[in-house]
Trainee: 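Quick one: this structure, given as structure tokens, is what I'll be asking you about.
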Amino acid sequence: MSTPFTCQRCGKSGGGRVERPPFPHELGRRIIEEICSICWEDWKRRQMLLINHFGLRMHDPAARDFLYKEVRRYLFAEGGSPTSIDPSQEGSVSWPQS
Ligand SMILES: [Zn+2]
């Protein structure tokens, strides 16, 4: 039995935890401590959309940084609103690099 906890994002406690830190740094630790597996699945769907939409190549450090920023925005509401995805622009846009 895992210890019940309340997800920081959805405020529910029935989702269960993410089993393994999905990232090798502080962000991965926060996800297993604060985010439920249901919200994590939401993020994974969004991540696929972002990768397809912006044509992200995950060996590119700038693309990974962009996704980490989006994780913070989407799951932790930090650093502004999540980047919007316009399906009509798929594959033809570059990600916002700040
Ligand atoms: Zn949640």
Side-chain angles (χ1 to χ4, degrees):
M1 280 300 287
S2 54
T3 336
F5 83 113
T6 303
C7 173
Q8 288 292 309
R9 178 171 180 264
C10 65
K12 294 177 185 158
S13 48
R17 286 178 193 270
V18 179
E19 284 181 10
R20 253 186 295 237
F23 305 116
H25 41 62
E26 165 263 347
L27 193 54
R29 204 199 65 238
R30 286 185 67 193
I31 286 165
I32 58 168
E33 286 177 356
E34 300 176 25
I35 298 297
C36 75
S37 62
I38 294 166
C39 289
W40 178 245
E41 290 301 316
D42 284 350
W43 162 255
K44 282 203 292 194
R45 273 192 295 277
R46 182 173 163 80
Q47 178 176 255
M48 282 310 298
L49 289 175
L50 287 165
I51 289 171
N52 292 334
H53 184 66
F54 292 110
L56 298 179
R57 282 183 272 274
M58 296 316 294
H59 57 79
D60 179 349
R64 285 202 299 269
D65 282 352
F66 168 70
L67 279 180
Y68 295 150
K69 257 184 235 168
E70 285 298 309
V71 170
R72 289 179 205 277
R73 289 172 175 169
Y74 191 72
L75 294 178
F76 298 108
E78 290 174 0
S81 318
T83 300
S84 59
I85 296 173
D86 176 355
S88 69
Q89 303 275 307
E90 186 163 322
S92 64
V93 285
S94 55
W95 70 89
Q97 297 188 50
S98 51

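Since this is a predicted model, take the numbers as computed values, not measurements. Ligands are counted one by one from 1 in listed order, and the atoms in each one are counted from 1 as well.
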Trainee: Assign the ring pair Phe23 / His25 to parallel, tilted or perpendicular, where the plane angle (0 to 90°) is split at 30° and 60°.
Mentor: parallel
Trainee: Before you tell me yes or no, could you show the steps for Asp42 and Leu75 under side chain to side chain contact (heavy atoms under 4.5 Å, CB included), namely the whole-Å CA-CA distance, both residues' side-chain angles and the distance that decides it to 0.1 Å?
Mentor: CA-CA 9 Å; Asp42 284 350; Leu75 294 178; 5.9 Å; no
Trainee: According to a 4.5 Å side-chain heavy-atom criterion applied to Ile, Leu, Val, Met, Phe, Trp and Tyr, with indirect links allowed, do Val71 and Met58 form part of one hydrophobic cluster?
Mentor: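 Yes; tracing contacts between hydrophobic side chains, which count when under 4.5 Å, links both residues.
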Trainee: Just to verify, what does Gln8 make a side-chain hydrogen bond (donor to acceptor under 3.5 Å, both in side chains) with, not counting sequence neighbours?
Mentor: none
Trainee: For the CD atom on Glu26, are there more than 12 heavy atoms of other groups (residues, nucleotides or ligands in this structure) within a distance under 6.0 Å?
Mentor: yes
Trainee: What protein N/O/S atoms lie closer than 2.8 Å to the Zn ion (ligand 1)?
Mentor: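 Listed by chain and number: Cys7 SG, Cys10 SG, Cys36 SG, Cys39 SG.
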Trainee: Does Arg9 come within less than 4.0 Å of Glu34, counting only side-chain N to carboxylate O?
Mentor: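 Looking at Glu34 together with Arg9, the answer is no, because their closest N to O distance does not fall below 4.0 Å.
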